[in-house]
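One structure is given below, encoded as structure tokens.
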Amino acid sequence: MKPKKLVRLFTGIAAVFMSLSIPLMVSAATTKIPSTAKEWKGHYYQLYHNCMKFADANTFCKSLGGHLATISSAAENRMITNYLDSEHPGCSAMIGLYDANGSNGTWDTWVTGEKVKYQNWGAGQPDWTGQTICVINTRANSTYRWEVGEWDNGWDGDYWFLCEWDSGKTSIKNATVKLSSTSYTYNGKTREPKVTVQLNKKTLTEGTDYTVTYIANKFPGYGYAKIVGKGKYTGSLNKYFKIKPKQITGVSVKRTGTKQITVKWNKMNYITGYQIQYTKSFGKTYTVKAGSNLTSKVLKKLSKSTYSVRVRAYATNNGKTAYGNWSSIKTINVK
């Protein structure tokens, strides 16, 4: 008999516990797409950690308004493979392809009635008569020469399963978003650049096709417009814009020791810190940082030369850094 292939990853108590949880989920979330589902191009996917027969699993998916997952392209196959692996590394999951005769001869129709147009069977698959279901693997297997993301036929009831829902809506995640401005200078006021959204060569309408909410759009750093699909559209995406700190004022430079100078400036609020840049005549440029609570920086071990010095503020948020304009340059002879 052919060995079980990446099956029964979880058995015993864990499997029993998970199987008992399904009826509760049905009654609590009938016809609803789970909030934890993976969204992709208007479709949603949820892995269930339960071993069920094909018919029972599909009935469960249908009770939530979906069906066992179907795969129509290499891109969708890659996405599902990555999703499954993120849910549990190396897992295998049953999808909506079934050989009703158990003869390996009728793998041509998805559970939805769609004809199979894309297939990604592993080497030599499907192979064994009687193994009536199709599973997608997220772990390579050198024995069977399977690669990650390839399909295998397996024994009905031995695998977790993947449900899919079609929202009937188009995701805006791949839309092109343009802002009326992507760079501002902090002035104490909120910034709300005008948003233009285009998808499939169509310009969408705010309020009808999407809504816009502005986040972190007042203080220095990076704010963004959060665009959320509405009506016929689903999904969301963020478009970032920069709010630069004001230009530093009150910059002064003074010799405070041998080969040493002190740079001072006026304090600025709502920033992460300062950069001080200094260059000696025909020499290398150096940049050092100072904390947001400081208004001076001592530069030591300098050479006897004429130095040019300037300062700017910066603010970091949302994983991005916005730099203000450099101050005017101050020069000083170092002795």
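Note that the structure is predicted; figures quoted are calculated from it, not measured.
Rounded to the nearest 0.5 Å, atoms OH (Tyr45) and CD (Glu87) are 14.5 Å apart. Residue Ile329 holds its CD1 atom at 8.5 Å from CD of Gln277, rounded to the nearest 0.5 Å. In this structure, CE in Met94 is found 9.0 Å from OG1 in Thr132, a value given to the nearest 0.5 Å. Atom CD of Gln119 is separated from atom CG of Asp108 by 9.0 Å, given to the nearest 0.5 angstrom. Atoms CD and NE2, from Glu114 and His67 in turn, are 6.5 Å apart once rounded to the nearest 0.5 Å. Between Lys53 atom NZ and Asp156 atom CG the span is 4.5 Å, to the nearest 0.5 Å.
Looking only at side-chain heavy atoms (C-beta outward), Trp265 and Lys297 come within less than 4.5 Å of each other. Proximity of Trp40 to Tyr83: side-chain heavy atoms (C-beta onward) are nowhere separated by under 4.5 Å. Here the side chains of Tyr98 and Asn58 are not in contact, with every heavy-atom distance at 4.5 Å or above. Between Trp151 and Leu97, the closest side-chain pair of non-hydrogen atoms falls below 4.5 Å. Counting only heavy atoms from C-beta outward, the side chains of Asn153 and Asp99 never approach each other to under 4.5 Å. Proximity of Ile261 to Val309: side-chain heavy atoms (C-beta onward) are separated by under 4.5 Å at one or more points. Side chains of Thr331 and Ser308 form a contact here, defined as non-hydrogen atoms less than 4.5 Å apart. The closest side-chain heavy-atom distance from Trp110 to Leu68 is not below 4.5 Å.
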Candidate pair Leu84 and Leu47, rule side chain to side chain contact (heavy atoms under 4.5 Å, CB included), full reasoning: CA-CA 7 Å; Leu84 293 176; Leu47 173 66; 3.8 Å; yes
Check against side chain to side chain contact (heavy atoms under 4.5 Å, CB included), Tyr307 and Val263: CA-CA 12 Å; Tyr307 280 82; Val263 184; over 6 Å; no
Lys115/Thr109 under side chain to side chain contact (heavy atoms under 4.5 Å, CB included): CA gap, chis, key distance, verdict: CA-CA 5 Å; Lys115 290 296 182 181; Thr109 305; 3.6 Å; yes
Stepwise side chain to side chain contact (heavy atoms under 4.5 Å, CB included) check, Lys330 with Ser252: CA-CA 7 Å; Lys330 301 295 180 180; Ser252 64; over 6 Å; no
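If you chain together hydrophobic residues whose side chains sit under 4.5 Å apart, Tyr278 and Tyr314 never meet in one group. Val177 is not connected to Val228 by any chain of hydrophobic side-chain contacts under 4.5 Å among Ile, Leu, Val, Met, Phe, Trp and Tyr, and they are in different clusters. Under a hydrophobic clustering in which Ile, Leu, Val, Met, Phe, Trp and Tyr are joined whenever their side-chain heavy atoms come within less than 4.5 Å, directly or via other members, Ile276 and Tyr323 fall into different clusters. Linking ILVMFWY side-chain heavy atoms closer than 4.5 Å, directly or via other members, places Trp326 and Met268 in two distinct hydrophobic clusters. Hydrophobic clustering (ILVMFWY, side-chain heavy atoms < 4.5 Å, transitive): Tyr44 and Tyr48 are in one cluster.
Not a single donor-acceptor pair under 3.5 Å links the side chain of Asn77 to the backbone N or O of Ile71. No donor-acceptor distance shorter than 3.5 angstrom exists from the side chain of Asp209 to the backbone of Tyr233, with no hydrogens or angles considered. The main-chain N or O of Thr316 is found under 3.5 Å from a side-chain atom of Thr272 such that the two form a donor-acceptor pair. Formation of a donor-acceptor pair under 3.5 Å by the Ser180 side chain with backbone atoms of Lys194 is found in this model. Distance alone, capped at 3.5 Å, is enough to place a donor-acceptor pair between the Ser281 side chain and the Thr306 backbone. Side-chain atoms of Trp165 come within 3.5 Å of backbone N or O of Leu64 as a donor-acceptor pair. Judged by distance alone, with hydrogens and angles left aside, the side-chain atoms of Lys264 form no donor-acceptor pair with the main-chain N or O of Gly250 at under 3.5 Å. Checking side-chain atoms of Asp85 against main-chain N and O of Gly90 turns up a donor-acceptor pair under 3.5 Å. Judged by distance alone, with hydrogens and angles left aside, the side-chain atoms of Lys226 form no donor-acceptor pair with the main-chain N or O of Thr211 at under 3.5 Å. Between the side chain of Glu164 and the backbone N or O of Thr70 there is at least one donor-acceptor pair closer than 3.5 Å.
The two residues Val195 and Ile227 have their closest heavy-atom pair at CG1-CG1, 4.1 Å. Scanning both residues, Arg255 and Lys335, for their nearest heavy atoms gives CD-N, 4.1 Å. Scanning all heavy atoms of the two residues, the minimum distance from Lys242 to Ala322 falls at CG-CB, 3.6 Å. Closest heavy-atom contact between Tyr214 and Pro193: OH-O, 2.5 Å. Residues Trp155 and Ile133 approach most closely at O-CD1, 3.5 Å, considering heavy atoms. Across every non-hydrogen atom of Trp107 and Pro126, the tightest pair is NE1-CG, 3.5 Å.
The aromatic rings of Phe60 and Phe161 sit perpendicular to each other, their planes meeting at more than 60°, with 30° as the lower class boundary.
A 6.0 Å sphere centred on OH of Tyr270 holds no more than 12 heavy atoms belonging to other residues, nucleotides or ligands. Atom NZ of Lys267 is surrounded by more than 12 heavy atoms from other residues, nucleotides or ligands within 6.0 Å.
For the residue pair Ser92 and Asn137, a side-chain donor N or O sits within less than 3.5 Å of a side-chain acceptor on the partner. When only modelled atom types and interatomic distance are considered, Ser171 and Glu39 share a side-chain donor-acceptor pair under 3.5 Å.
Proximity of the aromatic rings of His88 and Trp160 is defined here by a centroid distance below 6.0 angstrom, and this criterion is met.
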